[in-house]
A.B. asks: 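Got a structure for you, written out below as structure tokens; questions coming shortly.
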Number of protein chains: 2
Amino acid sequence: MEPQVKRRYEAKANVIKAMAHPTRLFLVDELSRGEHCVMDLAAMVGDDVSTVSRHLSILKNAGIITDEQRGTQVFYSVRVPCVLNFFSCVEGVLAADLEERSCALR
Amino acid sequence: MEPQVKRRYEAKANVIKAMAHPTRLFLVDELSRGEHCVMDLAAMVGDDVSTVSRHLSILKNAGIITDEQRGTQVFYSVRVPCVLNFFSCVEGVLAADLEERSCALR
DNA sequence: TGATTATTTGGCGTAATATGCAAATAGGTT
DNA sequence: AACCTATTTGCATATTACGCCAAATAATCA
């Protein structure tokens, strides 16, 4: 594979990698319904604030979410709505898995 | 977060995690255009056959691709077409990043 | 300025992932 | 059976990701 093509796939993988974590998936899901600040998200998730902050910075770095500072708080929100399509597709994959498994039992 | 909800997000993240690698992204892209056997894919990628075989098993395990043995060869193909939507969305994210960066220069 | 609150970053231990080589497995052929 | 070919798996190693604590940074307010 040519290095140019390879770099392109690496860039794409980087975006997907940002979504490839249960907490970050939850964050995107939650932020798609409206903006939230870090401490509120941390409370929902149940992890340390620093951990959630790192997850958010990964998502922001990948270009999936944006932030806006208001006072001492930073409010995050989803920047690219199409990532929500991931969810329905992934549900489809999981559903297909279930079906296949139940077929195998017959 | 309740353990039930958490497990759900873990399952979803697992599917996305399977796509979160440049080589595996390439494999899905290539397989979406038609089935291929392992050694052919390994030649395209330029990695060891065993490495590619492992990547394929991860994708298969996630429910994204299927395999079919014919003779000594195993042919893989995409099982859930909607994963291809990932690509266009990811392109969108990368394009938005570029635009933002060029805006910042003005 | 000093105190308070929210967020980010450094450091560190631990866990997961990636990759190639060599060996094992499986199907086909002679 | 022995042999060849394609694929998978065991193992060792290197790299990367996680998550918390503590410290640093930033904005606000008394």
Side-chain angles (χ1 to χ4, degrees), chain A residues 1 3 6-7 9-28 30-31 34-77, chain B residues 1 3 6-7 9-28 30-31 34-77:
Chain A
M1 199 165 8
K6 191 173 180 180
R7 255 178 299 137
Y9 276 104
E10 279 166 3
K12 290 186 197 175
N14 223 47
V15 176
I16 297 183
K17 211 183 292 185
M19 304 270 293
H21 188 285
T23 301
R24 294 199 289 268
L25 219 45
F26 169 85
L27 291 172
V28 172
E30 196 57 41
L31 292 175
E35 61 173 23
H36 285 289
C37 66
V38 182
M39 55 175 296
D40 284 357
L41 292 168
M44 295 183 210
V45 170
D47 284 347
D48 197 278
V49 186
S50 67
T51 301
V52 173
S53 174
R54 274 223 168 74
H55 283 310
L56 289 167
S57 89
I58 290 170
L59 287 168
K60 182 189 165 192
N61 220 280
I64 296 169
I65 62 177
T66 359
D67 62 337
E68 184 190 331
Q69 182 143 17
R70 289 208 293 280
T72 66
Q73 291 171 300
V74 178
F75 289 88
Y76 285 91
S77 53
Chain B
M1 197 165 10
K6 191 172 180 180
R7 256 178 298 139
Y9 276 105
E10 280 166 3
K12 289 185 197 176
N14 222 47
V15 176
I16 298 183
K17 210 183 292 183
M19 303 270 293
H21 188 287
T23 301
R24 294 200 289 268
L25 219 46
F26 170 84
L27 291 172
V28 172
E30 196 57 42
L31 292 175
E35 60 172 27
H36 286 289
C37 66
V38 182
M39 55 175 298
D40 283 359
L41 292 167
M44 295 183 209
V45 169
D47 284 347
D48 195 278
V49 187
S50 69
T51 300
V52 173
S53 173
R54 275 221 169 75
H55 283 310
L56 290 167
S57 89
I58 289 170
L59 287 168
K60 181 187 165 192
N61 219 281
I64 296 169
I65 63 176
T66 358
D67 61 337
E68 185 190 329
Q69 182 143 17
R70 288 208 293 280
T72 66
Q73 290 170 302
V74 177
F75 289 88
Y76 284 91
S77 54

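Chain naming here is simple, since letters A, B, ... match the order of the sequence lines and numbering starts at 1 in each. Just so it is clear, the structure is predicted and the values come from calculations on it, not from any experiment.
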A.B. asks: Provide a list of protein-nucleic acid N or O atom pairs under 3.5 angstrom, restricted to nucleotides 12-17 of chain C.
C.D. replies:
none

A.B. asks: For A:Ala18 versus A:Ala62, what's the shortest heavy-atom pair and its separation?
C.D. replies: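 Here A:Ala18 and A:Ala62 meet closest at CB-CB, 3.5 Å.
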A.B. asks: For the residue pair B:Lys17 and B:Arg24, what are the closest heavy atoms and their distance?
C.D. replies: O-NH2, 3.4 Å
A.B. asks: Give the rounded distance in Å between these two atoms: CG of A:Leu56 and P of C:dT8.
C.D. replies: 7 Å
A.B. asks: C:dA6 P sits how many Å from A:His36 NE2, rounded?
C.D. replies: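 The answer, rounded to whole Å, is 16 Å.
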A.B. asks: Let me know, please, whether B:Thr72 or A:Gln73 comes out on the 5' side of the other along DNA chain C by nearest nucleotide.
C.D. replies: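 Per heavy-atom nearest nucleotide, the more 5' residue is A:Gln73.
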A.B. asks: Name the pairs: protein N/O against N/O of nucleotides 9-11 of chain D, kept only if under 3.5 Å.
C.D. replies:
unit_1	atom_1	unit_2	atom_2	d
D:dG10	N7	B:Arg54	NH2	2.9
D:dG10	O6	B:Arg54	NH1	3.4

A.B. asks: Grab the two heavy atoms, one from A:Ala42 and one from A:Val52, that are nearest each other, plus how far apart they are.
C.D. replies: CA-CG2, 3.7 Å
A.B. asks: Rounded to the nearest 0.5 Å, what separation is found between the OG1 atom of B:Thr23 and the CD1 atom of B:Ile58?
C.D. replies: 10.5 Å
A.B. asks: Decide yes or no for B:Leu25 and B:Met19: does some side-chain heavy atom of the first lie under 4.5 Å from some side-chain heavy atom of the second?
C.D. replies: yes
A.B. asks: Please tell me if B:His55 has a side-chain N or O lying less than 4.0 Å from either OP1 or OP2 of C:dT19.
C.D. replies: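 Yes, within the criterion.
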A.B. asks: Measure the spacing between CZ of A:Phe75 and NE2 of A:His36 and express it to the nearest 0.5 Å.
C.D. replies: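 NE2 of A:His36 is found 10.0 Å from CZ of A:Phe75.
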A.B. asks: In whole angstrom, give the distance that lies between atom CD1 of B:Ile65 and atom C1' of D:dT7.
C.D. replies: 14 Å
A.B. asks: Cationic tip of B:Lys6 within the cone over B:Tyr9's six-membered ring, i.e. under 6.0 Å and within 45° of the normal?
C.D. replies: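 No - B:Lys6 does not lie over the ring of B:Tyr9 by the 6.0 Å and 45° rule.
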A.B. asks: Distance check needed: C:dT7 C1' versus A:Lys60 NZ, whole Å only.
C.D. replies: 11 Å
A.B. asks: Indicate the ring-plane relationship of A:His55 and A:His21, choosing parallel, tilted or perpendicular according to the 30° and 60° boundaries.
C.D. replies: tilted
A.B. asks: How close or far is atom C1' of C:dT9 from atom CG of A:Asn61, stated in whole angstroms?
C.D. replies: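 Taking CG of A:Asn61 and C1' of C:dT9, I get 14 Å after rounding.
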A.B. asks: Would you call B:Asp67 and B:Leu56 a side-chain contact if the rule is heavy atoms closer than 4.5 Å?
C.D. replies: no
A.B. asks: By nearest heavy atom, map A:Ala20 and B:Met39 onto DNA chain D; which one lands nearer the 5' end?
C.D. replies: B:Met39
A.B. asks: Heavy-atom contacts under 4.0 Å between residues 41-48 of chain A and DNA chain D, which residues?
C.D. replies: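 Per residue number, the list reads A:Asp47, A:Asp48.
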A.B. asks: Would you compute the distance between atom CZ of B:Arg7 and atom NZ of B:Lys12 and round it to the nearest 0.5 angstrom?
C.D. replies: 14.0 Å
A.B. asks: Report the nucleotide, chosen from C:dT7, D:dT7, C:dA18, that has the shortest atom-to-atom distance to any side-chain atom of B:Ile58.
C.D. replies: C:dA18
A.B. asks: Find the distance A:Phe75:CZ to D:dA26:C1' and express it as a whole number of Å.
C.D. replies: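 Distance check: A:Phe75 CZ to D:dA26 C1' gives 15 Å.
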A.B. asks: Looking at the side chain of B:Val74, which of C:dG28, C:dT8, D:dT7 is the nearest nucleotide?
C.D. replies: D:dT7
A.B. asks: Of all heavy-atom pairs between B:Ser77 and B:Leu31, which one has the smallest distance, and what is that distance?
C.D. replies: CA-CB, 4.3 Å
A.B. asks: Nearest whole angstrom, please: distance from the C1' of C:dT7 to the CD of A:Glu35.
C.D. replies: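 After rounding, the reported distance stands at 16 Å.
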A.B. asks: Closest approach of B:Glu30 and B:Leu41, non-hydrogen atoms and distance?
C.D. replies: CG-CD2, 4.3 Å
A.B. asks: Between P on D:dC18 and NZ on B:Lys6, what's the gap in Å once rounded to a whole number?
C.D. replies: 14 Å
A.B. asks: Give one of base, sugar-phosphate or nothing for A:Tyr76, where a contact means two heavy atoms less than 4.0 Å apart.
C.D. replies: sugar-phosphate
